[in-house]
Amino acid sequence: MFRVTRILLKAHPAPTVNPVATAKVINSATSASPDSFHIPIINFEPFFSGSRLSKETVAQEVLSGFVNSGFIYLKGWEKVLSKDVVNTTFEESARFFARPTEEKAELQWMTPESNRGYVTAGRERVSRLASVDEIEKLKKANPDIKESMEIGKEMPADTPKEFTNRWPKDDEQFKSTMTNFFEKCHALHLEVLSSIALGLGLEPRWFDQHCDAKDHNLRLLHYPSVKKDQISANKSNRAGAHTDYGTITLLFQDSAGGLEVLSPTGQYIAAPPIPGTIVVNAGDLLARWSNDKIMSTEHRVVAPASSPDNDVYPARYSIAFFANPNYETEIEALEGTFRNGKEKKYERINTLDYLVQRLTATYGKK
Ligand SMILES: O=C(O)CCC(=O)C(=O)O
Ligand SMILES: [Fe+2]
């Protein structure tokens, strides 16, 4: 879990239990008995500096986490991304969201093709539903209670404005913090993909050539403090149930809690923050690439498990780095994940086409 800011936010209570050992069923969608589903904690450090054998051990742990639950907790990543950098990024994120509404509105998110800018509470409604109309209906009935800032890679100077990052004016500190964090997350994500390649029996750097264009999306998230009856009437969530779209997501959460992951038997399991770790989950394009060997698991953000202060749950800040294959990459079942053509579960699909289709459904019509 990460420190958000010493100045702007009240500290959240630290979790008092070891969340993994005691992962408990929060909300049972079925009457099945308690689930054996769990999210493993994996020490990634030997993948950077260990022997060939220890690298392979890490690779197998990472792969089996993604195969069994689609989610892992990763520790030992500081060689690429220091904790100070993460803490500074949280502080800058909180400083951004504390700006007046009008200033944020000037930086408004415009199109799925660009996918950059500020998204007001209620505009996005993440979901697994693919139809724009279905999602529009859902958005009106129970909007997500959150605001976000979407950041992409920096583009060359001659790029049309619509496709460039929407930085706040005169705030070099925010821009440099976010671009630095983006670069570090890119580097870390390539290492995690390399471990997956090794686990799958591919050449260890196989993913690099298909994921090196930095066509990713860095999302700063702020879930404002919320009254108990507003969130627990089961009307609105902080983030509705959904899957992510790309290869992997690196998720950094503060200490508020509330993230839940759907187990194969249909039960939501808490995935609370664990100090020193980040959550990494697989997205839909990696699942397709692996012919569904790797799971892209549904998840959501609800009220935290701790009881609210005066009927108000404190704010939650999180940062998600959604890594994508290069926009031009065609995604088709990898060698070794099928025996004959008939076993391929999905049609070949272009990354950009797929992402634009999903984002259009999520954000609705202009
Ligand atoms: O805020 C979180 O912890 C999760 C956010 C999330 O799942 C998403 O934005 O896709
Ligand atoms: Fe997500």
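Atoms within a ligand are numbered from 1 in the order they appear, just like the ligands themselves. Starting from 1, each residue takes its place in the sequence as its number. What you see is a predicted model, and the numbers here were worked out from it, not measured in a lab.
No side-chain heavy atom of Lys214 sits under 4.5 Å from any side-chain heavy atom of Glu154.
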Residues Lys79, Glu45; criterion salt bridge (Lys or Arg N to Asp or Glu O under 4.0 Å); working and verdict: CA-CA 8 Å; Lys79 182 161 187 282; Glu45 212 286 322; over 6 Å; no
Chi angles and distances behind the side-chain hydrogen bond (donor to acceptor under 3.5 Å, both in side chains) call for Gln108, Arg166: CA-CA 8 Å; Gln108 206 183 42; Arg166 313 216 64 195; over 6 Å; no
Test log, rule side chain to side chain contact (heavy atoms under 4.5 Å, CB included), inputs Glu147 and His222: CA-CA 5 Å; Glu147 56 180 341; His222 171 218; 2.6 Å; yes
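Contacts of His242 with ligand 1, taken as heavy-atom pairs under 4.0 Å, involve the side chain alone. In Leu251, the part holding a heavy atom less than 4.0 Å from any atom of ligand 1 is the side chain.
Backbone and side-chain nitrogen or oxygen atoms of Ser318 are examined, and one is located within less than 3.5 angstrom of a nitrogen or oxygen of ligand 1. For His299, a nitrogen or oxygen atom sits less than 3.5 Å from a nitrogen or oxygen atom of ligand 1, counting backbone and side chain alike.
Between Asn68 and His38, the side chains place no donor N or O within less than 3.5 Å of an acceptor N or O (distance only, hydrogens not considered).
Counting just the N/O/S atoms of His242, the one with the shortest distance to the Fe ion (ligand 2) is named NE2. Within Asp244, the N/O/S atom positioned nearest the Fe ion (ligand 2) carries the name OD1.
Between Tyr346 and Tyr354, the ring centre distance reaches or exceeds 6.0 Å.
In this structure, Arg316 counts as a contact residue of ligand 1, since one of its heavy atoms falls inside 4.0 Å of the ligand.
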